[in-house]
Amino acid sequence: MNPDQYKALTDKGPLKKKSRTRPLPKAGEKYLEAFERLKEILDRMEIKYEEYFHFKSTKHWRFDLHLIEYRMLIEIAGGPWSGGRKGKLATKAWSIDRYDQAEEMGYRYMRFETGDIYMGRATKWLRNLKASYGTVQTIPTDRSN
């Protein structure tokens, strides 16, 4: 049916083609610098990590870093996954629900401000985390003991 016939029969305009998927949010400059700095610190401390960890496949939730050996999720404030709260209560609840779901799945999380990374608070916290766990035993890839 062409659009003119549809309009005449239903007295409605044709359906608009609208994308159902929303593009991923963009990150700010301060966030990107802090993210790169934190990755350098983790590499220097030889802590294995995953970037942009998506812990639940049914949700659009991501954390900035996942420390694999410690099951620890790290969030940098102001990042693109923070939900773009802008002071709205509903989106704050959405963001907090993400933390609750992560804890139910056995993850712990830590949230850093961008200033925490440059002032050394993040480094101090990572040293304490590493010291509290001691040497983390990993499974060898060749499966030999």
- Item | CE/M119: more than 12 non-hydrogen atoms of other groups inside 6.0 Å |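 It does not: M119 CE has 12 such atoms or fewer within range.
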Flag the pair [X] / [Y] as yes when at least one side-chain heavy-atom distance between them is below 4.5 Å, and no otherwise.
| X | Y | value |
| --- | --- | --- |
| T114 | F35 | no |
| L32 | E36 | no |
| K48 | L67 | no |

Discussion item. Strictly distance-based, threshold 3.5 Å: is any side-chain N or O of R98 a donor or acceptor partner for the main-chain N or O of R62?
Written reply: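 Indeed, once roles are kept as given, a pair shorter than 3.5 Å links the two residues.
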Discussion item. Can a donor-acceptor pair be found, under 3.5 Å and without considering hydrogens, that links the side chain of D64 to the backbone of I76?
Written reply: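 Yes; at least one donor-acceptor contact below 3.5 Å.
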Quiz prompt | Step-by-step side-chain contact (heavy atoms from CB on, under 4.5 Å) determination, E50 to L65 | solution = CA-CA 6 Å; E50 284 181 273; L65 293 166; over 6 Å; no
When you group the ILVMFWY residues by side-chain heavy-atom contacts below 4.5 Å and let the links chain together, are [Y] and [X] in the same group?
| X | Y | value |
| --- | --- | --- |
| Y118 | L38 | no |
| I47 | W125 | yes |
| I74 | M45 | yes |

*Could you walk me through whether F53 and L73 pass side-chain contact (heavy atoms from CB on, under 4.5 Å), step by step?*
CA-CA 8 Å; F53 182 64; L73 303 172; 3.3 Å; yes
Identify, with sequence neighbours excluded, every residue that meets side-chain hydrogen bond (donor to acceptor under 3.5 Å, both in side chains) alongside [X].
| X | result |
| --- | --- |
| R108 | Y133 |
| E113 | none |
| Y49 | D43 |

Note to self: Tell me every residue that passes salt bridge (charged side-chain N to carboxylate O under 4.0 Å, His left out) with K124, counting only those two or more places apart in sequence or in another chain.
What the structure shows: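 Scan of K124 (salt bridge (charged side-chain N to carboxylate O under 4.0 Å, His left out), adjacent residues dropped) gives none.
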TODO: Go through the structure and list residues passing salt bridge (charged side-chain N to carboxylate O under 4.0 Å, His left out) with E51, not counting sequence neighbours.
DONE: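 Per chain and number, E51 pairs via salt bridge (charged side-chain N to carboxylate O under 4.0 Å, His left out) with K39.
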| message | Is the ring pair Y109/F63 parallel, tilted or perpendicular, if the boundaries are 30 and 60 degrees? | response |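 Aromatic pair Y109/F63 classed tilted.
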Item to check | Residues forming a side-chain contact (heavy atoms from CB on, under 4.5 Å) with Q5, sequence neighbours excluded | outcome: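 Partners of Q5 by the side-chain contact (heavy atoms from CB on, under 4.5 Å) criterion, ordered by chain and then number, come out as M1, N2.
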Between Y107 and H66 (judged by ring centroids, cut-off 6.0 Å), do the two rings come close enough to count as a pair?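 Yes, ring centres under 6.0 Å apart.
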Closest heavy-atom pair and its distance - R71, G106:
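Nearest pair, atom of R71 first, then G106: NE-O, 3.5 Å.
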field: Atom pair CD (E33) and CZ (R37), whose distance is rounded to the nearest 0.5 Å
entry: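 Rounded to the nearest 0.5 Å, the CD-CZ separation comes out at 11.5 Å.
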*Thinking salt bridges, do K130 and E69 make one under a 4.0 Å N-O criterion?*
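No, K130 and E69 are not salt-bridged.
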